[in-house]
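Below: the structure, in structure tokens.
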There are 2 protein chains.
Amino acid sequence: MPQPKPTQKQINKENLLSQGVTLLTHKGYHGTGLKEILDAVQIPKGSFYNYFGSKENFAAEVTQHYIAPFIKQLDAHLQNPDGDALGAIKRYFGELINELEQTDFKGGCLLGNLMGEIGDTSEVVRASLQQAVNQYRDLLQAGLAKAQQEGTVRTDKSAGEMADLLVNTWQGVLLRMKIDKSSVPLKQCCTNLLDEYFRN
Amino acid sequence: MPQPKPTQKQINKENLLSQGVTLLTHKGYHGTGLKEILDAVQIPKGSFYNYFGSKENFAAEVTQHYIAPFIKQLDAHLQNPDGDALGAIKRYFGELINELEQTDFKGGCLLGNLMGEIGDTSEVVRASLQQAVNQYRDLLQAGLAKAQQEGTVRTDKSAGEMADLLVNTWQGVLLRMKIDKSSVPLKQCCTNLLDEYFRN
DNA sequence: TTTTTCGAGACGACTGGTCATTTTTTATTA
DNA sequence: TAATAAAAAATGACCAGTCGTCTCGAAAAA
């Protein structure tokens, strides 16, 4: 039995990570105090250090907790038997744009925000971010490769390179979105890459 | 006489802004304490608040102080009479890549870092960031428009849209650079956009 | 010309509060 | 009871920002 009944410790950790995702996304690493997270989930400070050891380690775990649902969501679209891979990717990013519009373009991507803020000062967080981004990129690469086989995406450029470009550009447009308070950059990114540059 | 001899106040502000660029770029907004900046330039705290009023206003001025040299550098390339506009842009980004390689991919772009960290929490900084990015984008747009006239860049897509895509993608690859500690993303960005997608 | 007055700018010790982390105490479980 | 986990309390460092004092040059008065 893998997890028939989660222990209180597991529940607490889950709550902390979940709240951590929200707060770190919106207020950043140094902008979020431990007390703020602890108060939100009603867990004493001592327990936090028992669970995670340090704020840095916590942030590293938060990044993994953050990316998992996105991987799941994208994978669900790609696994969908009816519909081509390129269409699945486009629909996935369309959903992301919808969600961002509904949250008034606030927050953006936790990964991108942490990369900019502490990507080059905290080694543990850096490594965790790299792993999360690579996971995401690899799934995108697989989707693009499938689209290549289906003939919708050009084959003179590797799926890996296109996946990288897409991931990186997406991070860039998320930043631009935040200061322009607009989804136009997001849509332009999808159009330019998915509808034009990658097209066969 | 515009500025025959700068006052001590002007010198102090200049030093603070210059040090602010360095520290905010590498340690972020919340990661940099005022004391750290003040100690570095040997200026008392009272003077700081006399000059800037608040840390937030200071950061807003720092962003302007940060972007100016980049505008100048890119403009110098574009003004160069011998050589086409697309070549000038490519050479400019080549220089940026060189500089980033020499600084071990640390820091990245202050604008991008601040967009992620406080782009949606500080209104004054957000506005300043937007202005700085737009300045940069407009210059890039002018360069791309010139390249269109010269026949090296496609004309079926507006120079403005391409400038936006380039600026945004560049921000994204700078983040990726930080966690991969590699200039490969930077080079791929230039190749994909300037050598391929934008090409006529 | 010399003296006095005055005010703007410069200044740094100080404030209340928050920071992440550690140490100590209490509770739980084996 | 011994070992382990959880919670509370304590710790010192640091935070952005303030405020009363001081300095110094220019204007006013003598």
Side-chain angles (χ1 to χ4, degrees), chain A residues 1 3-17 19-24 26-63 113-114 117-118 121-126 128, chain B residues 3-17 19-24 26-63 114 117-118 121-126 128:
Chain A
M1 42 179 112
Q3 57 251 75
K5 54 170 175 176
T7 67
Q8 188 60 42
K9 175 173 179 172
Q10 286 171 320
I11 296 171
N12 284 349
K13 280 193 72 171
E14 166 68 29
N15 285 343
L16 282 167
L17 289 171
Q19 194 63 219
V21 165
T22 304
L23 287 171
L24 289 182
H26 286 83
K27 311 186 67 175
Y29 180 81
H30 288 113
T32 307
L34 280 189
K35 188 180 184 313
E36 199 173 356
I37 305 171
L38 267 15
D39 288 352
V41 293
Q42 300 265 58
I43 290 174
K45 211 173 240 194
S47 299
F48 175 91
Y49 278 90
N50 200 17
Y51 299 155
F52 298 102
S54 74
K55 189 187 184 184
E56 232 179 316
N57 288 340
F58 174 68
E61 285 202 42
V62 166
T63 63
N113 296 353
L114 288 184
E117 188 182 356
I118 50 169
T121 53
S122 166
E123 176 54 28
V124 280
V125 174
R126 197 210 109 255
S128 181
Chain B
Q3 54 260 69
K5 54 170 175 178
T7 66
Q8 188 60 43
K9 174 173 178 173
Q10 286 171 319
I11 295 172
N12 284 349
K13 280 191 73 170
E14 165 68 28
N15 286 342
L16 282 167
L17 289 171
Q19 194 63 219
V21 165
T22 304
L23 287 172
L24 290 182
H26 286 84
K27 312 185 66 175
Y29 180 81
H30 288 113
T32 306
L34 280 189
K35 188 179 184 315
E36 199 174 354
I37 304 171
L38 266 15
D39 288 352
V41 294
Q42 300 264 62
I43 289 174
K45 193 173 265 193
S47 300
F48 175 91
Y49 278 91
N50 228 345
Y51 299 156
F52 298 103
S54 73
K55 190 187 184 184
E56 234 181 312
N57 288 342
F58 174 68
E61 285 202 41
V62 166
T63 61
L114 288 183
E117 189 183 355
I118 50 169
T121 52
S122 165
E123 176 55 28
V124 279
V125 174
R126 196 210 108 256
S128 181

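The basis for the numbers below is simple: all heavy atoms, side chains too, and nothing from hydrogens, waters or symmetry mates. Model, not experiment: these values are computed from the prediction. Chain naming here is simple, since letters A, B, ... match the order of the sequence lines and numbering starts at 1 in each.
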message: Set out, in order, the CA-CA distance, both residues' side-chain angles and the distance that settles side chain to side chain contact (heavy atoms under 4.5 Å, CB included) for B/Tyr49 and B/Leu34, then state yes or no.
response: CA-CA 10 Å; B/Tyr49 278 91; B/Leu34 280 189; 3.1 Å; yes
task: Could you walk me through whether A/Asn12 and A/Val41 pass the side chain to side chain contact (heavy atoms under 4.5 Å, CB included) test, one step at a time?
output: CA-CA 8 Å; A/Asn12 284 349; A/Val41 293; over 6 Å; no
query: Would B/Gln42 and B/Asn15 satisfy side chain to side chain contact (heavy atoms under 4.5 Å, CB included), going step by step from the backbone distance to the final call?
result: CA-CA 10 Å; B/Gln42 300 264 62; B/Asn15 286 342; over 6 Å; no
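To the nearest angstrom, P of D/dA5 lies 15 Å from CG of A/Asn12. Atom CG in A/Leu38 sits about 14 Å away from atom P in D/dA6, given to the nearest Å.
Applying the salt bridge (Lys or Arg N to Asp or Glu O under 4.0 Å) test to pairs two or more places apart or on separate chains, those with a residue in residues 35-44 of chain B are B/Lys27-B/Glu36, B/Lys35-B/Asp39.
Formation of a donor-acceptor pair under 3.5 Å by the B/Glu56 side chain with backbone atoms of B/Ser122 is not found in this model.
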Distances under 3.5 Å between nitrogen or oxygen atoms of protein and nucleotides 13-20 of chain D:
| from | atom 1 | to | atom 2 | distance (Å) |
| --- | --- | --- | --- | --- |
| D/dA16 | OP1 | B/Thr32 | O | 3.3 |
| D/dA16 | OP1 | B/Leu34 | N | 3.4 |
| D/dA16 | OP1 | B/Lys55 | NZ | 2.7 |
| D/dA16 | OP2 | B/Leu34 | N | 2.9 |
| D/dA16 | N7 | B/Lys45 | NZ | 3.1 |
| D/dG17 | OP2 | B/Tyr49 | OH | 2.8 |
| D/dG17 | OP2 | B/Lys55 | N | 3.2 |
| D/dG17 | O5' | B/Tyr49 | OH | 3.4 |
| D/dG17 | N7 | B/Lys45 | NZ | 3.3 |
| D/dG17 | O6 | B/Lys45 | NZ | 2.8 |

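Bounding nucleotides for the chain B contact on DNA chain C, 5' to 3', at a heavy-atom distance below 4.0 Å, are C/dG9 to C/dG12.
Using a 4.5 Å heavy-atom cutoff, the side chains of B/Leu17 and B/Phe52 are in contact.
For D/dA7, the OP1/OP2 oxygens have a side-chain nitrogen or oxygen of A/Ser47 closer than 4.0 Å.
Smallest separation of non-hydrogen atoms from B/Gly31 and A/His30: CA-ND1, 3.8 Å. In this structure, B/Thr32 and B/Gly28 approach most closely via the heavy-atom pair OG1-O, 2.7 Å.
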